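What follows is a single structure, written as structure tokens, with notes after it.
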Amino acid sequence: MNTREQTSPLYTQIYNIVCQIPPGKVATYGQVAKLVGGCTARMVGYALSALKDGRDPNVPWQRVINAQGRISMHGVGSSIQRMILEEEGIEFDQTDSIDFRKYLWDF
DNA sequence: CGGCTGACTCTGG
DNA sequence: TCCAGAGCCAGCC
């Protein structure tokens with residue numbers, strides 16, 4: 001599927017990658033950015049922010065976290081997000097960080 | 001076409 | 001562990 005290059009908004013490409021993240025795993029912005037290619041970590045974050053538009057509610061943006069292993073979201077959704085990740089089987093530590101050794105998306 | 005905003009990452013202290 | 005500064009680009013009005 002990733003062989004399909006779309007010239008649509010770069011955001012669509014990012015959503016596509018995020019959708020490929022398997023359950024119980026998480027990916028960092030830089031990780032997704034690299035898969036998209038030519039995209040930077042910021043673009044991923046900005047792209048996900050655009051999701052609020054409701055264009056792709058199916059995108060598991062919650063599985064995308066920052067390089068610190070924590071949720072970068074500003075809004076109250078961060079609490080919700082953590083709950084969702086726990087539902088996926090991901091555990092948080094005392095600092096609200098995720099254990100990359102086991103949960104980082106390894107393709 | 002110009003300017004503002006935004007959910008990042010890295011390095012150093 | 002926390003904080004600050006710099007680099008970077010795509011949408012939207």
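Computed from a prediction, not measured in an experiment: that's the story for all the values here.
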Exercise. Go through dA7(B), dA10(C), dC10(B) for me and flag the one nearest to the A67(A) side chain.
Key: dC10(B)
Quiz item: Among dC9(C), dC2(C), dT9(B), which is the nearest nucleotide to the side chain of R70(A)?
Solution: dC2(C)
Closest contact, heavy atoms only, [X] versus [Y]:
{"X": "R82(A)", "Y": "I71(A)", "value": "N-CD1, 3.6 Å"}
{"X": "A33(A)", "Y": "A41(A)", "value": "CB-N, 3.7 Å"}
{"X": "Y103(A)", "Y": "G24(A)", "value": "CD2-O, 3.6 Å"}

Would you mind reading off the distance between [X] atom [atom1] and [N] atom [atom2], rounded to a whole angstrom?
{"X": "L10(A)", "N": "dC9(C)", "atom1": "CG", "atom2": "P", "value": "12 Å"}
{"X": "K34(A)", "N": "dC8(C)", "atom1": "NZ", "atom2": "C1'", "value": "16 Å"}
{"X": "L48(A)", "N": "dC8(B)", "atom1": "CG", "atom2": "C1'", "value": "11 Å"}
{"X": "Q68(A)", "N": "dC3(C)", "atom1": "CD", "atom2": "P", "value": "11 Å"}
{"X": "Y11(A)", "N": "dC12(C)", "atom1": "OH", "atom2": "P", "value": "7 Å"}
{"X": "L35(A)", "N": "dC8(B)", "atom1": "CG", "atom2": "C1'", "value": "16 Å"}
{"X": "Y29(A)", "N": "dC10(B)", "atom1": "OH", "atom2": "C1'", "value": "17 Å"}
{"X": "Y15(A)", "N": "dA10(C)", "atom1": "OH", "atom2": "C1'", "value": "10 Å"}

Practice problem: Would you please confirm or rule out a distance under 4.0 Å between OP1 or OP2 of dC8(B) and any side-chain N or O of S72(A)? | Solution: yes
Practice problem: List the steps and the verdict of side-chain contact (heavy atoms from CB on, under 4.5 Å) for M43(A) and T40(A). | Solution: CA-CA 5 Å; M43(A) 298 293 92; T40(A) 62; 3.2 Å; yes
Exercise. Take Y46(A) and N66(A), find for each the nucleotide of DNA chain B with the closest heavy atom, and name the residue whose nucleotide sits nearer the 5' end.
Key: Y46(A)
Quiz item: Which one is paired to dC8(C), where only Watson-Crick or G-U wobble pairs with both distances under 3.5 angstrom count?
Solution: none
